[in-house]
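These notes concern the structure reproduced below.
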Amino acid sequence: MSEHHIPTAGLHRWVNDLWIAAGSDAREARLTADHLVGANLSGHDSHGVGMIPKYVMSWRADELQLNRKVSVLHDAGSMLSLDGNRGMGQSVTEEAMALAIERAKAHGVCVMGLRQSHHLGRVGHWAEQATAAGMISIHFVNVLSKPIVAPYGGSEARYGTNPFTIGVPVADAPPLVLDFATSAIALGKVRVAHNKGVEVPPGCLIDARGVPTNRPEVMFPRDGAAQGALQAFGEHKGYVLAVMCELLGAAVTGGHTIRPETLTHRHAVWNNMLAIVFDPQRLGTSTSFGDEVRTFADWIKSSRLQAGHAGIALPGEPERQRRRERAETIPVDSGTLAQLDDAAARVQSVCGTSPGPLSRLAA
Ligand code: NAD
């Protein structure tokens, strides 16, 4: 599959204009473009502009709702329960995080639940919103769409790729951002391997009978055949973390956990999130913390390298490296580019306006 390079600024403008054409207000369109292009910039193409065709399908099916604001369900000062009202995740989550940060500034901590957000994308983006305000944040998220991950010991998919994220600001240094799916690899990475005709690493997949396999096609069966499943990362450890993401992200926030009765929409990916946001300055360690991080980082980076490794990175470093590499242009594979052109054509047919095919910007 061939790869095209799209100028980063042009891609941002195209995404912004697409959502303006679909009916988003200026804020929502800008935040959606910031977030999706930001995910590509960070190297997470599985959560970048390639999600737009799915969002457009969800919007056309009246599942994703544009220009929604969060509503406050329960407000106990440092405990805040919000409903995203099926709004664009990039917009309602920004609003929810801004409220949580404001409360953490006032009270030292805010435990914020956000339910019923449309796909809120790369969760690290929300941790970065908190770290930019000097806050530590911890996020548990569940995913309400077709189950694709098998529970440890199970041979059928029962839940989603439930991400877990922690952001930590460091004085005079970039923040640390741990941000990953609890599946061994993201489904987007299985799709890339499938398109390239290559195998995935061992331990990532089982086939429809529950037998471990490296063949990505088990996730994209033809002619109504049964689908395989992703496995959790780290065997039982990733699985139990995913269970906590499901229960804290959804059950505690009043969102739905995943089961047949709650999977009522065809195209939407819904997320529910619990975020614990707190001000580390209130723990009285703000002067020593930065020094501890720096000396610990020096210590771990002084380890002799294993064969095949170029260096030792801290959480968030690979994303910063990618942002430097992709500042001018972002690679988009030809399959994704065709889907994005198609998404623009769909917006054009419904609204009578669109930014036109993205492929016009491709080199
Ligand atoms: P991943 O496997 O690339 O892991 C990323 C994390 O590991 C980051 O914290 C990164 O800094 C760190 N990391 C990566 N390589 C490293 C190295 N060599 N040394 C040190 N640290 C390293 O991420 P993933 O599991 O593919 O998840 C990708 C994105 O998908 C995340 O942003 C996640 O939030 C998002 N996601 C979202 C949803 C949703 O429903 N909204 C669901 C699943 C995943």
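Just so you know, these numbers use all the heavy atoms, side chains as well, and skip hydrogens, waters and symmetry mates. For ligands, and for the atoms within them, numbers begin at 1 and follow the listed sequence.
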One finds that the ligand 1 atoms under 4.0 Å from a non-hydrogen atom of P315 are 11 (O)
Aromatic contact, H265 with W270 (centres under 6.0 Å): yes
Around atom CZ of R282, are there more than 12 heavy atoms from other residues, nucleotides or ligands closer than 6.0 Å? yes
Taking everything shown except E292 itself, do over 12 heavy atoms lie less than 6.0 Å from its CD? no
Among all protein non-hydrogen atoms, which one is nearest to [atom], and what is the separation to 0.1 Å?
atom	answer
atom 15 (N) of ligand 1	P318 CG, 3.7 Å
atom 27 (O) of ligand 1	A181 N, 3.6 Å
atom 19 (N) of ligand 1	A313 CB, 3.6 Å
atom 8 (C) of ligand 1	E319 OE2, 3.4 Å
atom 28 (C) of ligand 1	H44 ND1, 3.4 Å
atom 5 (C) of ligand 1	D179 O, 3.1 Å

Is the closest N or O pair between [X] and ligand 1 shorter than 3.5 Å?
X	value
F180	no
G121	yes
L120	no
T165	no
N271	yes
V143	no
G316	yes
T161	no

Under 4.0 Å from atom 30 (O) of ligand 1, do we find at least one protein heavy atom? yes
Within the protein, is there a heavy atom lying under 4.0 Å from atom 12 (C) of ligand 1? no
Under a 4.0 Å N-O cut-off, is there an ion pair linking [X] with [Y]?
X	Y	value
D34	R30	yes
R326	D45	yes
E246	R158	no

Between T262 and R259, is there a donor-acceptor pair closer than 3.5 Å when you use the side chain of the first and the backbone of the second? yes
Given 3.5 Å as the limit, does a donor-acceptor pair link the side chain of R60 with the main chain of R346, or not? no
Nearest candidate to atom 2 (O) of ligand 1, where distance is taken over non-hydrogen atoms, out of H119, K189, H47: K189
Sole candidate of H35, H47, H267 that passes ring-ring contact (aromatic ring centres under 6.0 Å, His included) when paired with H119: H47
Qualifying residue, where the test is side chain to side chain contact (heavy atoms under 4.5 Å, CB included) with H139 and the options are V123, L248, L120: V123
For S42, the option from E128, Q321, R320, R323 that meets side-chain hydrogen bond (donor to acceptor under 3.5 Å, both in side chains): R323
